[in-house]
Amino acid sequence: MAARLTPLARLTPLGRLAAIMAAADLLVFAALQWIEALAGATMLIAMLAVALMMTMGGTGYEASIAPGSTRMIVGERTGIEIRLRNPGAGPIGGAVGLLSVSEGGTTTSRQCQLPSLGAGRTATVRVPFDATARAQVGIGPLTIRRGDPFGLARHDHRLAGASMLFVHPAVVPLPGGPHAGTADDEGEPNGRTATDSPDFQGLRTYADGDDIRRVHWSASAKAGTLMVRQYAAAQRDGMDLALDTRPGSYASPEEFELAVTIFASIGAQYLRWGQDVAVHADPLHPHPSSATALLDMCSGIPPLAGTEAADLTAGNPAGESAPHRDIRRLWGLRPATAPATIRCLVTGSRTTLPDAVRMMASEPTAHGRLLVRIHAGAARTVVRRQSCSVATIGDPRDLTDMWATWMGDWS
């Protein structure tokens with residue numbers, strides 16, 4: 001709990017100057033008996049007393065920042081909602097509130113008019129906010145400032161605490177659904193089912209399209225209907241999704257923003273499909289549990305800075321396996337990490353194609369690999385290079401068609 005301010009601590013710099021002048025006038029009067037000095041001291045002391053009384057007392061409001069105001073999308077012109085309530089038995093007069101907004105290391109205060117409220121009444125105040133770019137913005141605290149019209153004393157009463165506002169990239173939906181795989185290098189079952197795994201799981205009723213070689217004839221005879229064998233799948237269904245955060249990989253800041261949008265769109269859609277997604281945006285390597293958690297992270301992804309932005313595929317003059325070490329840094333991999341069904345890397349137009357393919361070729365290898373190169377203004381293309389597909393995207397709207405083309409070719 002914050003310590004209660006003493007009356008003297010509520011004086012502004014101007015109020016402290018007035019107090020010093022009043023003390024000086026009293027000293028002059030005591031030494032020289034000047035009536036003018038006593039009059040000046042009396043006037044200043046009276047003004048200070050009135051100013052301090054105007055900072056006393058509570059506000060009467062209960063306030064909170066609405067949860068729906070903590071997430072926005074780039075380009076939205078909306079507002080931050082503040083919910084007010086009068087819990088007392090009497091009315092509350094209106095007041096001016098100050099809402100702190102912290103963004104990019106800079107904190108500003110935005111004024112908002114708090115309305116008069118009768119006993120037990122509620123109200124909602126909207127503070128305008130334009131989400132012009134991805135950001136993680138500190139919102140709050142909300143305070144009411146009490147003071148005198150001369151600026152001699154001031155006291156801020158805190159009404160609501162601080163919270164975080166996430167400005168999400170404007171994601172693009174993907175067509176179709178996830179493409180699940182059935183086997184991986186580690187051979188650990190993941191709870192899904194398949195027809196080619198050696199781990200027998202059970203029997204189920206035959207469905208159109210099932211391999212007739214999987215029919216269990218003796219069980220079918222007992223059940224009176226065709227029964228097929230079902231096996232535990234070892235493939236880690238889902239996606240390993242990485243974003244190249246080196247600023248040198250992109251021709252402009254706008255190209256990097258487009259890359260984040262594509263990265264967020266792919267990851268969020270897979271999470272909405274209920275798939276496992278491991279995301280990598282060096283130095284971040286989280287395993288988000290929901291699309292909202294991923295988009296919250298994407299709202300604050302910055303380009304790497306300084307020595308961290310070194311080329312991930314650069315050689316090592318000492319002869320060590322630098323490419324493998326640095327590629328694992330990009331993907332956040334342990335040597336024994338199992339592959340997902342899909343591995344996808346989003347990078348910029350300044351990343352050379354051999355380097356980009358090398359970053360995709362790290363072990364372990366997924367069943368489907370997609371390299372997305374962002375090139376602002378370029379035409380959409382999907383081509384095959386070595387063991388992965390290479391897509392070029394110049395506009396967010398290209399993602400839907402590109403994904404449909406790639407999934408059709410891969411399937």
S.K.: Where do P396 and V172 come nearest, in terms of heavy atoms and distance?
M.R.: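 Taking every non-hydrogen atom into account, O-CG2, 3.6 Å.
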S.K.: Of all heavy-atom pairs between W403 and L370, which one has the smallest distance, and what is that distance?
M.R.: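 Residues W403 and L370, closest heavy atoms: CZ3-CD2, 3.6 Å.
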S.K.: With rounding to the nearest 0.5 Å, note down the distance linking SG in C344 to NE2 in H280.
M.R.: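 Here the interatomic distance stands at 11.0 Å.
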S.K.: May I have all residue pairs that pass salt bridge (charged side-chain N to carboxylate O under 4.0 Å, His left out) and include part of residues 288-301, sequence neighbours excluded?
M.R.: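 For residues 288-301: R71-D296.
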S.K.: Is it the case that more than 12 heavy atoms not belonging to R16 sit under 6.0 Å from its CZ atom?
M.R.: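 Result for CZ/R16: enclosed.
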S.K.: Specify the closest pair of heavy atoms between P115 and Y61, including all atoms of both residues, with the distance to one decimal.
M.R.: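 Distance-wise, the nearest heavy atoms are O-OH, 2.6 Å.
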S.K.: Answer yes or no: does atom CZ of F29 have more than 12 heavy-atom neighbours from other residues, nucleotides or ligands under 6.0 Å?
M.R.: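 Result for CZ/F29: enclosed.
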S.K.: Looking only at atom types and distance, does a side-chain atom of R134 sit under 3.5 Å from a main-chain N or O of I301, one as donor and one as acceptor?
M.R.: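 Side chain of R134 to backbone of I301: a pair is present.
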S.K.: So do I342 and D240 actually touch side chain to side chain, heavy atoms under 4.5 Å?
M.R.: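 In short, these two side chains do not touch, never coming nearer than 4.5 Å.
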S.K.: Using the side chain to side chain donor-acceptor pair (under 3.5 Å) criterion, which residues pair with E76? Sequence neighbours excluded.
M.R.: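 Partners of E76 under the side chain to side chain donor-acceptor pair (under 3.5 Å) test: none.
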S.K.: If I take atom SG from residue C298 and atom NE2 from residue H168, how far apart are they, to the nearest 0.5 angstrom?
M.R.: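 Between atom SG of C298 and atom NE2 of H168 there are 8.5 Å.
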S.K.: Quickly, which of M72, R126, R110 forms a side-chain contact (heavy atoms from CB on, under 4.5 Å) with I80? Name it, please.
M.R.: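 Answer to the side-chain contact (heavy atoms from CB on, under 4.5 Å) test with I80 among M72, R126, R110: M72.
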S.K.: For the atom pair CG (L174) and OG1 (T400), what is the distance rounded to the nearest 0.5 Å?
M.R.: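 These two atoms lie 6.5 Å from each other.
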S.K.: Can you confirm whether Q33 is buried at CD, in the sense that more than 12 heavy atoms of other residues, nucleotides or ligands lie under 6.0 Å from that atom?
M.R.: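 Yes.
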S.K.: Side chain to side chain contact (heavy atoms under 4.5 Å, CB included), that's the test. Do R83 and T122 meet it? Break it down for me.
M.R.: CA-CA 7 Å; R83 295 173 179 173; T122 61; over 6 Å; no
